[in-house]
Amino acid sequence: MRSEERAGIISIVMLFLWGTLIAEPFHIFARYIASGVTYALKGLGAGGIVLSLALYLVVTLVIVLMQKISKTKFGIYIPCVISTVLIVLLVFKSIVKASVDVSDAICLAIPAVCCVALYLLKKERGLKWITDIYTYSLAIALLNALLFVPIAKLNTTVAKILYITKYNDLHITGSFAGLAGIPELVWGFFLTAFVVFPIIYLATSGRRK
């Protein structure tokens, strides 16, 4: 299967699963990125639109970087790196709070165990799938935050239909609401347009098996 086909399948599946607990390991990935950016920017005294814009840019850069690396021989190591970093952060968080978030621990352990098994069995194709799942689940998280969250705010009926917005860790468009007299949804469309095309381009260029 070509990489662009894999990216398409994963994106469609994650689009439907993002509002469910099944996608929790990938929610945690997005949440930790958001927490890191928020912690860094607030430490510098930044907030509001500056924080939202920084989060938007960081998440976009992470997605693009993962897409670039996934097309190299180092791509199969992405899941291992992500799992290790997330587990280390969870351990650090647990030490600081003197308590363990059991649900997060379980959710992070599952992909970590899968990665170890695939590495031991030398199943590179399986590792490529996990790499792309991490990459395009983050892309779906960004699309959700930029587009579906503002749409869901239109009314309660729409919010119930768009269950994907139930889990949103990337709070971006809210700070832009009313800026220059432009509604939040319009800002969401504008920011989405800038990020969708490069992601699609990288997903379909430089074919990787």
Side-chain angles (χ1 to χ4, degrees), residues 1-20 22-38 49 51-83 85-86 111 125 127-152 162 164-165 167-176 184-209:
M1 179 180 291
R2 296 181 301 186
S3 60
E4 60 266 38
E5 294 173 342
R6 187 163 58 245
I9 292 172
I10 290 170
S11 297
I12 292 172
V13 172
M14 291 306 299
L15 185 62
F16 286 97
L17 293 180
W18 191 252
T20 71
I22 296 175
E24 186 60 20
F26 311 105
H27 294 155
I28 296 173
F29 180 38
R31 189 182 311 147
Y32 275 31
I33 293 175
S35 297
V37 173
T38 301
I49 294 176
L51 176 57
S52 296
L53 187 59
L55 180 57
Y56 170 75
L57 292 174
V58 169
V59 173
T60 301
L61 287 173
V62 170
I63 295 170
V64 170
L65 182 61
M66 289 174 66
Q67 284 182 298
K68 289 284 190 179
I69 297 176
S70 69
K71 297 180 184 297
T72 70
K73 62 181 180 180
F74 300 106
I76 61 173
Y77 300 108
I78 289 178
C80 180
V81 172
I82 293 175
S83 294
V85 170
L86 293 181
R125 183 162 305 205
L127 290 168
K128 288 178 181 178
W129 271 92
I130 297 180
T131 294
D132 284 349
I133 290 173
Y134 272 112
T135 302
Y136 295 105
S137 65
L138 187 58
I140 292 300
L142 186 58
L143 178 65
N144 177 46
L146 296 177
L147 192 58
F148 295 119
V149 168
I151 291 175
L162 293 176
I164 186 176
T165 61
Y167 294 98
N168 176 43
D169 300 294
L170 307 177
H171 303 287
I172 299 174
T173 58
S175 298
F176 288 88
E184 179 181 353
L185 180 57
V186 176
W187 278 112
F189 274 109
F190 180 74
L191 294 172
T192 300
F194 267 94
V195 74
V196 165
F197 292 110
I199 290 175
I200 292 177
Y201 173 76
L202 288 173
T204 56
S205 64
R207 293 181 178 178
R208 174 174 55 89
K209 299 297 183 179

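Since the structure is predicted, the reported quantities are computational estimates derived from the model, not experimental observations. What you see below is based on every heavy atom in this structure, not just the backbone, and it leaves out hydrogens, waters and symmetry mates.
The minimum heavy-atom distance between Leu162 and Phe148, with the atom names listed, is CD1-O, 3.8 Å. Considering every non-hydrogen atom in both Ala34 and Asp169, the closest pair reads CB-O, 3.4 Å. When all heavy atoms are compared, the tightest approach of Pro150 to Glu184 is CG-OE2, 4.0 Å. The two residues Leu51 and Val37 make their nearest non-hydrogen contact at CD1-O, 4.0 Å. Among all heavy-atom pairs drawn from Ala145 and Asn168, the shortest one is CB-OD1, 3.4 Å. Ser11 and Ile140 make their closest contact through O-CD1, 3.6 Å (heavy atoms, listed as atom of the first residue, atom of the second, distance).
In this structure the side chain of Phe190 never reaches within 4.5 angstrom of the side chain of Phe176, judged on heavy atoms.
Taken to the nearest 0.5 Å, the CG atom of Leu61 stands 13.0 Å off from the CE atom of Met66. To the nearest 0.5 Å, atoms CG (Leu65) and CD1 (Ile69) are separated by 4.0 Å. Remark: Leu170 CG to Ile33 CD1 distance equals 8.0 Å, nearest 0.5 Å. Taking CD1 of Ile76 as the start and CG of Leu127 as the end, the distance is 6.0 Å to the nearest 0.5 Å. Atoms CD1 and CE, from Ile164 and Met14 in turn, are 9.0 Å apart once rounded to the nearest 0.5 Å. If you take CG on Leu147 and CG on Leu185, they are separated by 7.0 Å, rounding to the nearest 0.5 Å.
Aromatic ring pairs are classed by plane angle as parallel below 30°, tilted from 30° to 60° and perpendicular above 60°; the pair Tyr77 and Phe74 is tilted.
The backbone N or O of Ala152 sits nowhere less than 3.5 Å from a side-chain atom of Thr165 that would complete a donor-acceptor pair. Side chain of Ser52 to main chain of Ile49: no donor-acceptor pair is present (N/O by atom type, distance under 3.5 Å, no hydrogens or angles).
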Item to check | Steps toward side-chain contact (heavy atoms from CB on, under 4.5 Å) verdict (Ile172, Tyr56) | outcome: CA-CA 7 Å; Ile172 299 174; Tyr56 170 75; 4.2 Å; yes
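The one candidate from Trp18, Tyr134, Tyr32 that meets the ring-ring contact (aromatic ring centres under 6.0 Å, His included) condition with His27 is Trp18.
For Tyr201 and Phe197, the distance between ring centers is not under 6.0 angstrom.
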